[in-house]
Number of protein chains: 2
Amino acid sequence: MSDPGLACCTPLTGTAMSADQAERVAPLLKALADPVRLRLVSLIASSTTGEACVCDLNDAFDLTQATISHHLKVLHSAGLLDREKRGVWVYYAVRRDALAAVAGLFDPAAVPA
Amino acid sequence: MSDPGLACCTPLTGTAMSADQAERVAPLLKALADPVRLRLVSLIASSTTGEACVCDLNDAFDLTQATISHHLKVLHSAGLLDREKRGVWVYYAVRRDALAAVAGLFDPAAVPA
DNA sequence: ACCGGCCATCGACGTTTGTCAATACGATGA
DNA sequence: TCATCGTATTGACAAACGTCGATGGCCGGT
């Protein structure tokens, strides 16, 4: 889970992407290509502390706790979210580097930050 | 097909994204979230003329012509590719504005161009 | 008018995905 | 120790997806 090595990243508009690169980047996009997961990442990223408790995330959606947990696992497995357990609660935080790697796909100038 | 109105686009890291926004953007990401389609867009975008003939794209993959045609349709339906028939051949070109809209998701500074 | 090449569509298939109800796990408090 | 609360996991199901072979529609050349 959460393998580094991430994208990084012939941008789409430069020279053609290799099959290997495509196979590595596609899972990141696939993880983000869901309305619920997009909102989850957005919610976590826009929180003042930079992280969010699962208990709060559950309330933001009209979905079962099991479903939210599943989506969080998908995002974590893709390397887009960090997971930390504190006491009874679990906090997720977005990995900015992973997001930056995806951004590099579309805008060559956006990669290093 | 190929609806405009596209993303545009509370970036992921700013304030939280609305459910409606997420529903609009997710299909774009879903269209890109496949290794073959990623390479297709990359191939087309990186060609010197900015477009590519289907006959050339077919040769770049170890897949049936029907499968490539299907992927091109998905990208076109999502609004990411323009389609133009010239004689017997069909040429696809990437819609830079659509790509820019997706880029705006990740990097707030990358949106207008 | 015919044939041949380019591309799209159709029908079918196995696989993956999103969702839920139910259950299991782990930590806290009584 | 036991009940409770917050999360994760399991099993099940319908829907969507990626791929293929076969077929159909256009266009250009003969």
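Residue numbers begin at 1 in each chain, while the letters A, B, ... track the order of the sequences. For clarity, every value in this text was computed on a predicted model and none was experimentally measured.
Regarding A/Y91, its OH atom lies at a distance of 12 Å from the P atom of D/dG6, rounded to whole Å. In this structure, CZ of A/R83 is placed 16 Å from P of D/dG6, rounded to the nearest angstrom. Look at CG on B/D34: it is 13 Å from P on C/dT16, rounded to the nearest Å. If you measure from atom CG of B/L72 to atom C1' of C/dC7, you get 10 Å, rounded to the nearest angstrom. Per the geometry, NE2 belonging to A/H70 stands 11 Å off P belonging to C/dC20, to the nearest Å. The interatomic distance linking A/H71 (NE2) with D/dA8 (P) rounds to 14 Å, in whole Å. For A/Q65 and D/dA8, the CD to P distance is 7 Å, given to the nearest whole Å. Between the CG atom of B/L75 and the P atom of C/dC7 there is a distance of 16 Å, given to the nearest Å.
For A/T67, taking side-chain heavy atoms from C-beta onward, the closest of the listed nucleotides C/dT19, C/dC7, C/dA27 is C/dT19. You'll find that the side chain of A/V90 is closest to D/dT7, out of C/dG26, D/dC27, D/dT7.
Summarising the local packing, CG of B/D59 is surrounded by more than 12 heavy atoms from other residues, nucleotides or ligands at distances under 6.0 Å.
For B/R37 and D/dG18, the shortest distance from a side-chain N or O to OP1 or OP2 is below 4.0 Å. Residue B/Y92 places at least one side-chain N or O under 4.0 Å from the OP1 or OP2 atom of C/dA8. OP1 and OP2 of C/dT19 both lie 4.0 Å or more from every side-chain N or O belonging to A/T64. Contact between the side-chain N/O atoms of B/K73 and the OP1/OP2 oxygens of C/dT9 is found at a separation under 4.0 Å.
Just one residue in the list B/V94, B/V74, B/L40 forms a side-chain contact (heavy atoms from CB on, under 4.5 Å) with B/L81, and that residue is B/V94.
Sequence order on DNA chain D of the closest nucleotides to A/K30 and A/W89 puts A/W89 first from the 5' end. If A/G87 and B/D56 are placed on DNA chain C by their nearest nucleotide, the residue sitting closer to the 5' end is B/D56.
Ring geometry for A/F106 against B/F106 counts as parallel: the plane angle stays under 30°, on a 0 to 90° scale with 60° as the upper cut.
The nearest pair of heavy atoms linking B/H71 to B/R37 is ND1-NH1, 3.0 Å. Shortest non-hydrogen contact noted between B/A93 and B/G50 is CB-O, 3.6 Å.
A/I68 comes within contact range of no nucleotide atom at all, as no heavy-atom separation falls under 4.0 Å.
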